[in-house]
Structures are given as structure tokens and as C-alpha cells.
Amino acid sequence: MPELVRSETVRGVATVTLDSPHNRNALSSALIEQLLAALRAAESDAAVRAVVLSHTGPVFCSGADLKETAAALASGGSTPPAGRLGEVLSAIWNSAKPVVARVAGPARAGGLGLVAAADIAICADEATFAFSEVRIGVIPAVISATVLPRLAPRAAAELYLTGEVFDGARAAAIGLVSASVPADELDAAVARHTDALVRGAPGALAGAKRLLHRGGDIDADLAALTELSIHHFGSPEGLEGVRAFREKRDANWVPRG
């Protein structure tokens, strides 16, 4: 199995790097499994005080692997990647260690769920984002568990319904990311945050995260949203949308003429 996720710990900070640039760091089953393993290792390592979620290549994460999704839906017997996305979001959200997302390039669909699940997210100004699900006949179901608590409601309605692309400045303005900075300042900005985080006591950091997430059962929410997501992927619109995306054409519901 190729290595799709790498992890390195330096001075208490575990950097977990998505390393599948050939498919824009898409969330395949293999990448999800390796990402979960890296997150669990960081969680269990007492030397790790904070986690940075980073990426190689120009794209942070393009969302679910649609090639694998199409194959899973065609076979009818395997779980599409969206069926396991909730496990990753839960691992990040519920981690006792603070997680910082370092976003140097575009994020789409499920990739935005990763950004929102992180406690702190720093992006480059030129990074772009989109809730592109409706354009392929599905909905941003699973990621809603982490995204909607972050976003301004009016912005969520606009961006969920239109699927329009927006930039780092707007992502910061609506609460999806903590800050948007020039690309050449991104690593320094991430380092400033991790330097501050490692000064916190481990137990106090974990307790502060529990305060921030008080009052909600994200795992129950994720389970229900996963069922909803799989339903839409398997619907006639979902099947047509994924097929149209892979064939690089408009779906059959887009008006012609």
C-alpha cells in the first residue's frame, strides 16, 4: 500500500501530512485509514502536545475520491469513502490535543469538513473553498457536523446552495478559518499558533476543548448524517452527478440553450 499520509513530531508538534497529490489529496478509503492511524498515534503519544494537519501538492483536499465512490456505488457491496468521513471528523473534533489545519491550497467538499473540524485553521490568501456537493447531485451532509457550528448562518445558506467558490479572506470573515495570510507567511503563522499551544498544560488544553464542544453529541450527529450522505450518493441525482463530474460534462439537470 502506498504511503498517502506522513507524520513527523518535532518539539511536541505532530505534523500529519496528506501526501496523495496525484489525486489532489482526495479522501480515498486508503487515505482515510492512514489518516485515522496517524491521528490515533498522535493522540496516544504523550510527547505530542498539538497536531498540524498539512498537505503536499497544490491542493489541500479535493473531497471524497469520486472514482472510488463511483466504483463502490456500482458494486453495491462496498462503502463509499463518504461512509467513513465521519470517523475522521470525529477523531479531529474529539482529540484531546489541539489540531491546527494548515491550508496552502484549494479545499472542496469533504476537505472543508477537515478544515472546520480543526480547532484552529490558517489558510493562504489564495486558497479557495467550495461546498461543491449540490453540483454533483449530493449534499454536504457529513461535514455539516463540523462546518455549521463555525459558519455564519447566512453565509452557510448561500454557499451550501450555490456551490460557489470563495477565497481565503471570505473563509476567515465567515468563520470557516481562523485567519487568512499571504502564502509566504503561512508557515510562520502556523508556527506562532503551535508555539502558543505547547505552552498550555495538556490536561487544561483537553479540558478547554471539552468546554468549547460542550452541549453536543457529534458522534450521534455524524452517524445520522453519514446515512443521509450515502442515501444521496446512491440516488439517481447522485449517480448522474458523479458520472457527469468524472466525464467532465454538465449533469443532465443543467438547463441547455
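Positions are given from 1, in the same order as the sequence printed here.
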If you round to the nearest 0.5 Å, how far is [atom2] of [Y] from [atom1] of [X]?
X	Y	atom1	atom2	answer
Asp250	Arg256	CG	CZ	6.0 Å
Leu31	Arg84	CG	CZ	11.0 Å
Glu237	Ile136	CD	CD1	11.5 Å
Glu227	Leu222	CD	CG	12.0 Å
Phe129	Cys123	CZ	SG	4.0 Å
His55	Asn25	NE2	CG	7.5 Å

Q: Give the C-alpha distance, both sets of side-chain angles, the deciding distance and a yes or no for side chain to side chain contact (heavy atoms under 4.5 Å, CB included) between Asp195 and Arg11.
A: CA-CA 9 Å; Asp195 287 348; Arg11 295 184 60 247; 4.1 Å; yes
Quick check: does any side chain N or O of [X] sit under 3.5 Å from a backbone N or O of [Y], one acting as donor and the other as acceptor?
X	Y	result
Arg210	Leu205	no
Glu68	Ser29	yes
Ser178	Ala121	yes
Ser95	Ile92	no
Gln34	Pro2	yes

Q: Mind running side chain to side chain contact (heavy atoms under 4.5 Å, CB included) on Leu53 and Thr17 for me, showing each step along the way?
A: CA-CA 6 Å; Leu53 181 59; Thr17 303; over 6 Å; no
Charged N-O contact under 4.0 Å between [X] and [Y]:
X	Y	result
Arg192	Glu185	no
Glu240	Arg243	yes
Asp45	Lys97	no

Do [X] and [Y] get their side chains close enough for a donor-acceptor pair, meaning under 3.5 Å?
X	Y	result
Thr226	Ser229	no
Ser90	Asp219	yes
Thr128	Arg108	yes
Glu8	Thr15	no

Q.
Could you walk me through whether Arg170 and Glu164 satisfy the salt bridge (charged side-chain N to carboxylate O under 4.0 Å, His left out) test, starting with their C-alpha distance in whole Å, then the side-chain angles of each, then the deciding distance to 0.1 Å, before giving a yes or no?
A. CA-CA 12 Å; Arg170 183 145 197 229; Glu164 284 290 291; over 6 Å; no
[X] vs [Y] side-chain heavy atoms within contact, under 4.5 Å:
X	Y	answer
Ser54	Leu18	no
Val115	Phe60	yes
Phe166	Leu176	yes
Val88	Trp93	no
Leu39	Val99	no
Leu4	Ser28	yes

Q) For Val10, what are the other residues in its hydrophobic cluster, where any two members join if their side-chain heavy atoms are less than 4.5 angstrom apart? A)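 Besides Val10, the hydrophobic cluster comprises nothing; the residue is isolated.
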Q) Hydrophobic clusters join Ile, Leu, Val, Met, Phe, Trp and Tyr when side-chain heavy atoms are under 4.5 Å apart, directly or via other members; which others share one with Val181? A)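 When side chains under 4.5 Å apart are linked, the cluster holding Val181 also contains Val13, Val52, Val100, Ile120, Ile122, Leu186, Val190, Leu197, Val198.
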Q: For atom CZ of Arg154, decide whether the heavy atoms of other residues, nucleotides or ligands shown that lie under 6.0 angstrom number more than 12.
A: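 12 or below, so no.
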**Q.** Crowding at CZ, Arg24 (>12 non-hydrogen neighbours, <6.0 Å)
**A.**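 Atom CZ in Arg24 is not crowded, with 12 or fewer foreign heavy atoms closer than 6.0 Å.
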**Q.** Heavy-atom closest pair, residues Lys209 and Ala96
**A.**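 Smallest interatomic distance, heavy atoms only, reads CD-O, 4.2 Å.
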Q. Is there a chain of hydrophobic side chains (I, L, V, M, F, W, Y, each step under 4.5 Å between heavy atoms) that links Leu89 to Val5?
A.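 Yes, it is one cluster - the side chains of Leu89 and Val5 are joined through contacts under 4.5 Å.
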Q. How are the rings of Tyr160 and Phe131 set to each other: parallel, tilted or perpendicular (split at 30° and 60°)?
A.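 Geometry flag for Phe131 against Tyr160: tilted rings.
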